[in-house]
There are 2 protein chains.
Amino acid sequence: MRPATTDSRLPFSLAQARPLLERTPAIVDRWLRGLPDAWLRANEGGDSWSPFDVVGHYIHGERTDWIPRLARILEHGTAVAFDPFDRFAQFEASAGRDLDELLDEFARLRAASLAALDGFGLDEAALDRRGRHPALGEVTVRQLLATWVAHDQDHLVQIARVLAHQYAEEVGPWRQYLRVISGRPG
Amino acid sequence: MRPATTDSRLPFSLAQARPLLERTPAIVDRWLRGLPDAWLRANEGGDSWSPFDVVGHYIHGERTDWIPRLARILEHGTAVAFDPFDRFAQFEASAGRDLDELLDEFARLRAASLAALDGFGLDEAALDRRGRHPALGEVTVRQLLATWVAHDQDHLVQIARVLAHQYAEEVGPWRQYLRVISGRPG
């Protein structure tokens, strides 16, 4: 058994956030490139997303969300709200495209986003600058960047969950031990 | 918007399961190698696991769970139950060890496990063979192998969830959009 620890979350740190942001395209690439198409197109039923859809969503975020919103704050503060983000844009943008091409594009765009981030040379004061989200109201640069990190992880969770979901019945009685399938916390 | 699809889960297929099993060490390696120690040691509070702990757990699974249990079924069927799996063994086994060393070990052990799997040359009839789990009772080879795949994904979910958890407050009002933090289904 291990000693119990207290829950002390990490404070946001640009220096710590950046290496996680940098890794996401490579993680997704290793996970999905060359995987049988049945996995890539699998979903959780209904209009839920497949791993293929998630890659398109990451790409759309690079194009229209993270750096464009950061630039908006730095240029206009709260005076001009962010453009709304289209969570479904990837279904049109990715249609008929090859996964390998999408993975390459995500890697290229993320590298460009991080170069832009570095170019802004954000200091602690800049992290406190405020912008306006069209639905959520005032938000800070720090919140935007923390959300970028958490959003990456959110969709890595989704890829794993969609894949595991395929075997929700095939695992038989082990189902109760697998949080990803049982949905149990703990 | 995308057209709604029906939920048709994939049936277990050794040919489809193998490429997912093969990828897990590389995914974890890309995710964690070189990451700041603050991330590697972060957890969800209390006695929850860190990404570092998860790697040790994967290693222990290779050593004592998947292939040893498969071999047990093929040799003894239901006559001899599996040895119980120690979910906490990694806390002692990984103590004081370097993450890079653990990542290398996991990759080496998984490759050996897959070579052993290939060596068994399982056909459809072999997938239906039955063994005995010490708590769950009778299980099949197919269930064991499907669980191996789902278990990999379960702990990839955990790595992402632990990392995102660190910024549960830092994301501010975006919290409600992030399933990994809000815990909302959907």
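All chains are named by letter (A, B, ...) in the order of the sequence lines, taking the proteins before the strands, and each is independently numbered beginning at 1.
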Can you measure from [atom1] ([X]) to [atom2] ([Y]) and round to the nearest 0.5 angstrom?
X	Y	atom1	atom2	answer
A:E22	B:L35	CD	CG	10.5 Å
B:R175	A:Q143	CZ	CD	12.0 Å
B:R30	A:I27	CZ	CD1	9.0 Å

Any side-chain heavy-atom pair of [X] and [Y] under 4.5 Å:
X	Y	value
B:P11	A:E170	yes
A:W39	B:Q16	yes
B:L163	A:Q153	yes
B:L20	A:W31	yes
A:L136	B:Y177	yes
B:R161	A:R179	yes

Is there a continuous path of hydrophobic side-chain contacts, each under 4.5 Å between heavy atoms, that joins [X] to [Y]?
X	Y	answer
B:L32	B:V180	yes
B:V162	B:L40	no
B:V80	B:V141	no
B:Y58	B:F85	no

Counting heavy-atom pairs closer than 4.5 Å to chain B, which one of [options] comes out on top?
options	result
A:V139, A:D152, A:V28, A:D86	A:V139
A:A95, A:G34, A:A135, A:A42	A:G34
A:A146, A:A26, A:G137	A:A146

[X] and [Y]: which non-hydrogen atoms are nearest, and at how many Å?
X	Y	result
B:A150	A:V171	CB-CG1, 4.0 Å
B:L156	A:A160	CB-CB, 4.3 Å
B:D154	A:L178	OD2-CA, 3.4 Å
B:L10	A:A38	CD1-O, 3.7 Å

Is it the backbone or the side chain of [X] that comes under 4.5 Å from a heavy atom of chain A, or both, or neither?
X	answer
B:E138	backbone
B:P19	both
B:H155	neither

Within a radius of less than 6.0 Å around CD of A:E101, do more than 12 heavy atoms belonging to other residues, nucleotides or ligands occur?
yes
Are A:W174 and B:H151 near enough that their ring centres are under 6.0 Å apart?
no
Segment of [X] engaging chain B (4.5 angstrom heavy-atom cut-off):
X	value
A:A17	both
A:R18	neither
A:L145	neither

Out of B:D29, B:V149, B:V157, which one racks up the most heavy-atom pairs below 4.5 Å with chain A?
B:V157
Would you mind telling me which of B:A89, B:P36, B:A15 has the largest number of heavy-atom pairs within less than 4.5 Å of chain A?
B:P36
